[in-house]
2 protein chains.
Amino acid sequence: MNSKFQNISVEEIERRLKDAGVNPTTQRIAIFKYILCDADHPTADQIKSWADKNFPKVSLATIYNTLNVLVDAGLLRELNLPESDSVVYDKTLSEHHHFLDQQTGHLIDIEGDQIRVELKLKRQLKISEMDILLRGTQN
Amino acid sequence: MNSKFQNISVEEIERRLKDAGVNPTTQRIAIFKYILCDADHPTADQIKSWADKNFPKVSLATIYNTLNVLVDAGLLRELNLPESDSVVYDKTLSEHHHFLDQQTGHLIDIEGDQIRVELKLKRQLKISEMDILLRGTQN
DNA sequence: CATAGAATTGGAATAATTCTAAACTGGACT
DNA sequence: AGTCCAGTTTAGAATTATTCCAATTCTATG
Ligand SMILES: [Mn+2]
Ligand SMILES: [Mn+2]
Ligand SMILES: [Zn+2]
Ligand SMILES: [Zn+2]
């Protein structure tokens with residue numbers, strides 16, 4: 001386990017798209033596969049750079065369209081981190097949080113079971129979601 | 001306690017600016033006082049709107065300049081929330097987190113002592129900061 | 001093959017923020 | 001009071017991420 005990058009066949013990618021109600025076009029398959037297998041929290045721009053090297057032509061509009069389609073279908077999540085002006089896309093769908101290495105800029109997934117949060121709220125709040133961003137350095 | 005808005009004299013504002021090494025100009029005093037006394041997590045645009053009603057002329061560039069000066073001097077913090085394209089400015093300097101009311105869009109400060117976090121990290125990470133954003137509704 | 005709906009495209013539009021270079025201010029020194 | 005100057009403010013242009021738009025191209029189905 002624990003290899004950050006996995007190998008998923010094109011057929012499997014197609015199946016996942018279809019199951020989510022997304023028409024599996026060439027561009028969508030390529031972009032989704034790239035994000036699932038070869039990328040780590042990429043930005044639209046990073047995806048565009050990769051696409052430019054690996055495809056005859058993919059427009060930036062299509063990158064954004066596709067990302068929005070994938071997010072809306074629940075196949076990706078978008079993260080808006082304070083330190084960056086651009087959204088990063090997250091393939092991990094399970095509840096999890098993030099650690100930002102302040103030296104390298106790397107973003108690391110922290111699974112939900114690694115953080116226990118105890119709320120002693122003064123107000124009566126019904127919490128439906130919680131985003132935690134840790135910052136620091138790695139030994 | 002607990003009134004969200006407090007009254008601070010212009011002299012006190014000036015003193016705080018000077019103490020932080022910030023030249024207390026007319027515009028800086030006005031903007032800082034507005035944020036400290038009358039605003040709640042405002043955006044640059046909201047500050048501009050208020051300024052337009054209360055001053056002969058304050059340029060948007062000055063709003064941004066001032067906010068950056070105040071942030072750099074440690075007198076304000078800037079928050080970059082996922083749900084908004086614009087930065088909001090936070091007068092609360094103590095360690096705290098935020099609750100976003102998904103119905104009203106209101107942002108509420110959650111003091112640090114209301115959240116206990118227990119980390120069981122698999123990796124060796126040295127955490128220096130932690131941002132927590134809660135989302136939900138209020139009873 | 002025809003066709004219609006969906007997807008893709010290039011370029012324009014939008015919006016938050018920063019940059020630039022010129023004009024202004026207010027205190028320090030005559 | 002008058003001059004000077006560093007620091008501040010200003011208008012408007014520039015930048016950048018993302019969305020919008022209208023035209024073109026695909027693709028699945030009949
Ligand atoms: Mn979206
Ligand atoms: Mn800043
Ligand atoms: Zn993640
Ligand atoms: Zn706050």
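Keep in mind that this is a model prediction, so the values were computed, not measured.
- Listed nucleotides dA17(D), dT19(D), dA16(C) differ in distance to N68(A); the shortest reach to its side chain belongs to dT19(D).
- For dA6(C), neither phosphate oxygen OP1 nor OP2 lies less than 4.0 angstrom from any side-chain nitrogen or oxygen of T25(A).
- When the nucleotides dA7(C), dT18(D), dG10(C) are ranked by their closest atom to the side chain of A61(A), dG10(C) comes out on top.
- For the pair Y64(A) OH and dT8(C) C1', the computed distance is 16 Å after rounding to whole Å.
- For the side chain to side chain contact (heavy atoms under 4.5 Å, CB included) with L36(A), the qualifying choice from N7(A), I31(A), I8(A), L75(A) is I8(A), the only one to do so.
- Whole-Å rounding puts the I29(B) CD1 to dT9(D) P distance at 10 Å.
- Among the atoms of the strands shown, none is found under 4.0 Å from any heavy atom of D45(A).
- Between R16(B) and E12(B) there is a salt bridge, since at least one side-chain N of the basic residue sits less than 4.0 Å from a carboxylate O of the acidic one.
- Ranking dT17(C), dT9(C), dT9(D) by closeness to the S86(B) side chain, first place goes to dT17(C).
- Here dC20(D) presents its P atom at 11 Å from CG of D85(B), a figure rounded to the nearest Å.
- The side chain of T62(A) places no N or O atom within less than 4.0 Å of a non-bridging phosphate oxygen (OP1 or OP2) of dT8(C).
- One interatomic measurement links the two molecules: CD of E78(A) to C1' of dT19(D), which rounds to 13 Å at whole-angstrom precision.
- Look at NZ on K18(A): it is 18 Å from P on dA6(C), rounded to the nearest Å.
- Rounded to whole Å, the distance from CD1 on I31(A) to P on dA7(C) is 13 Å.
- Per the geometry, CZ belonging to F55(B) stands 15 Å off P belonging to dT25(C), to the nearest Å.
- Ring to ring, H41(A) and H98(A) are close: their centroids are under 6.0 angstrom apart.
- Looking at R116(A) and E118(B), no side-chain N of the basic residue comes within less than 4.0 Å of a carboxylate O on the acidic one, giving no salt bridge.
- Here the side chain of R28(B) is nearest to one of dT18(D), dT9(C), dT9(D), namely dT9(D).
- A close approach under 4.0 Å does not occur between any side-chain nitrogen or oxygen of K48(A) and OP1 or OP2 of dA17(D).
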Tabulate protein N/O versus nucleotide N/O from nucleotides 24-30 of chain D, keeping only pairs under 3.5 Å, one per line.
none

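- Electrostatic pairing of E83(A) and R135(A) counts as a salt bridge here, judged by a charged N lying under 4.0 Å from a carboxylate O.
- Heavy atoms of other residues, nucleotides or ligands lying less than 6.0 angstrom from CG of D85(A) number 12 at most.
- Closest to the side chain of Q27(A), out of dT9(C), dT17(C), dT9(D), is dT9(C).
- Regarding E14(B), its CD atom lies at a distance of 14 Å from the C1' atom of dG27(C), rounded to whole Å.
- Panel note: side chain K91(B), backbone I35(B); a donor-acceptor pair is recorded below 3.5 Å.
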